[in-house]
Amino acid sequence: PFSIFSFITGCSSAKHIHDYINGVCSCGKIDVFNHEHAYNIKKVEATCINREYTKYKCVFCDYEYKVFTTESEKLKHNLINDVCEYCNSTRDSNGILYRFDDLSKEYCVVGVDNPIGEVEILSKYNDFAVTSISDYAFYHCEGIKNIIIPNSVVSIGCGAFCDCKDLINITIPNSITKIEPVTFLFCFSLTSITIPESVTSIGEGTFAGCSSLTSITIPESVTSIGNYAFEACTSLTSITIPKSLTSIGEGAFSGCSSLS
């Protein structure tokens with residue numbers, strides 16, 4: 001019999017009631033709101049911007065996610081007259097690489113050449129604003145001890161400073177609202193960090209393995225902390241958790257052996 005449900009969902013037959021199994025009806029229609037994902041799988045090779053990863057995209061809806069290959073690394077930028085021939089990023093006098101987005105007319109930091117000591121990211125490059133740091137931009141950059149990020153930067157990508165073993169100090173600007181997953185994973189030398197009041201969430205594994213981190217204050221603006229965010233922060237002796245926090249992920253403080 002005809003039902004308002006079959007009318008709303010757009011079935012080709014007015015007498016047909018959808019018999020969804022795992023989100024797929026015998027008539028071929030997909031329940032976009034309630035189905036089991038079936039994926040097209042595509043392997044994406046490493047470039048000078050991204051590590052190698054496998055992309056999973058559902059054939060029924062827009063849901064997709066990436067799985068980065070374990071131990072994979074980005075390719076090195078091939079600079080010719082301070083311009084990478086692969087990604088077209090340009091190198092400034094301090095060795096930082098900036099890539100221009102023709103659509104937004106903004107620059108994104110994608111890496112650094114010969115990192116050592118202090119790294120200062122410009123707020124403007126070639127008269128255009130620098131607004132973001134790409135995923136894994138400084139991944140495994142040994143030798144960097146201090147990073148200065150301007151308030152013009154509004155987003156810092158996943159794993160941006162992952163495995164920066166010598167990083168001691170970094171200031172997150174108050175223009176950042178979210179700290180992405182594994183941003184500071186395995187920053188073994190990081191002793192302290194200030195999270196600004198603008199941040200509302202701390203991603204999965206963000207500070208995991210930061211074994212020199214001794215204390216941290218989470219501001220009232222933060223409402224969620226992801227899984228394993230502070231795992232194995234073995235020197236962490238104190239942490240201030242705000243009343244605003246509504247979600248703490250699994251194992252967020254596991255292995256923090258110095259916490260009392």
Side-chain angles (χ1 to χ4, degrees), residues 48-51 73-84 86-102 104-199 202-203 206-207 210 212-214 216-217 219:
C48 52
I49 301 174
N50 290 306
R51 297 162 57 204
E73 295 189 13
K74 296 185 298 183
L75 302 178
K76 290 185 177 180
H77 294 275
N78 191 26
L79 297 168
I80 300 175
N81 295 324
D82 291 331
V83 179
C84 178
Y86 302 135
C87 69
N88 208 36
S89 61
T90 57
R91 176 176 56 187
D92 73 0
S93 58
N94 294 317
I96 299 177
L97 296 165
Y98 300 87
R99 188 178 76 248
F100 188 65
D101 187 309
D102 290 320
S104 66
K105 304 299 181 185
E106 297 170 339
Y107 274 99
C108 173
V109 176
V110 297
V112 62
D113 187 42
N114 296 323
I116 189 169
E118 183 174 277
V119 170
E120 183 173 1
I121 295 171
L122 301 175
S123 59
K124 279 192 173 183
Y125 185 67
N126 290 339
D127 294 325
F128 290 96
V130 178
T131 61
S132 60
I133 299 172
S134 71
D135 292 350
Y136 298 95
F138 295 90
Y139 172 73
H140 195 56
C141 284
E142 297 181 3
I144 296 178
K145 295 183 177 181
N146 184 36
I147 297 175
I148 300 173
I149 305 173
N151 283 326
S152 62
V153 172
V154 297
S155 69
I156 298 174
C158 174
F161 305 103
C162 174
D163 206 29
C164 289
K165 293 181 174 65
D166 299 318
L167 182 63
I168 298 172
N169 182 55
I170 186 169
T171 300
I172 301 174
N174 57 20
S175 50
I176 299 297
T177 59
K178 180 181 180 181
I179 304 179
E180 298 288 350
V182 300
T183 300
F184 300 101
L185 176 70
F186 299 144
C187 289
F188 299 126
S189 301
L190 191 65
T191 56
S192 65
I193 192 164
T194 300
I195 299 175
E197 293 282 350
S198 56
V199 171
I202 298 172
T206 299
F207 298 100
C210 292
S212 297
L213 193 64
T214 57
I216 192 163
T217 299

- Residues, nucleotides or ligands: over 12 heavy atoms within 6.0 Å of Ile116 CD1: no
- Task: Side-chain contact test, heavy atoms from C-beta onward, threshold under 4.5 Å: evaluate it for Tyr139 versus Leu185 and give yes or no.
- Result: no
- Could you state the interatomic distance from CZ (Phe138) to CD1 (Ile133), rounded to the nearest 0.5 Å? 5.5 Å
Please list every donor-acceptor pair under 3.5 Å in which a side-chain atom of residues 158-170 meets a protein atom from a residue at least two apart or in another chain.
residue : atom : partner : partner atom : Å
Asp163  : OD1  : Lys165  : NZ           : 2.7
Asp163  : OD2  : His140  : ND1          : 2.6
Asp163  : OD2  : Lys165  : NZ           : 3.0
Asp166  : OD2  : Gly143  : N            : 2.8
Asn169  : ND2  : Asn146  : OD1          : 3.1

- Task: Taking the side chain as every heavy atom from C-beta outward, state whether Thr131 and Asp101 have any pair of such atoms under 4.5 Å apart.
- Result: no
- Message: Distance check, rounded to the nearest 0.5 Å: Ile172 atom CD1 versus Ile147 atom CD1?
- Response: 10.5 Å
- Message: Applying side chain to side chain donor-acceptor pair (under 3.5 Å) as the test, list every pair that has at least one member in residues 171-181; sequence neighbours left out.
- Response: none
- Taking the side chain as every heavy atom from C-beta outward, state whether Val119 and Ile96 have any atom pair closer than 4.5 Å. yes
- Item | Test log, rule side chain to side chain contact (heavy atoms under 4.5 Å, CB included), inputs Val109 and Ile149 | CA-CA 11 Å; Val109 176; Ile149 305 173; over 6 Å; no
- Could I get the full list of side chain to side chain contact (heavy atoms under 4.5 Å, CB included) partners for Phe100, not counting sequence neighbours? Asp102, Lys105, Tyr107, Phe128
- Task: Hey, could you give me the OG/CG distance between Ser192 and Leu213, rounded to the nearest 0.5 Å?
- Result: 7.5 Å
- Item | Side-chain (Ser198) to main-chain (Ile176) donor-acceptor, under 3.5 angstrom | yes
- Query: Who passes side chain to side chain donor-acceptor pair (under 3.5 Å) against Arg91, sequence neighbours left out?
  - Reply: Asp82, Asp113
- Rounding to 0.5 Å, atoms SG (Cys108) and CG (Asp135) come to a distance of 8.5 Å
- Task: Not counting sequence neighbours, which residues clear side chain to side chain contact (heavy atoms under 4.5 Å, CB included) with Ser89? List them please.
- Result: His77, Cys84, Cys87, Leu97, Arg99, Val110
- Message: Please report the interatomic distance CD1(Ile156) to OG1(Thr183), rounded to the nearest 0.5 Å.
- Response: 7.0 Å
- Rounded distance (nearest 0.5 Å) linking atom CD1 of Ile193 with atom OG1 of Thr206: 9.5 Å
- Item | Sequence neighbours excluded - side chain to side chain donor-acceptor pair (under 3.5 Å) pairs with any residue from residues 147-157 | none
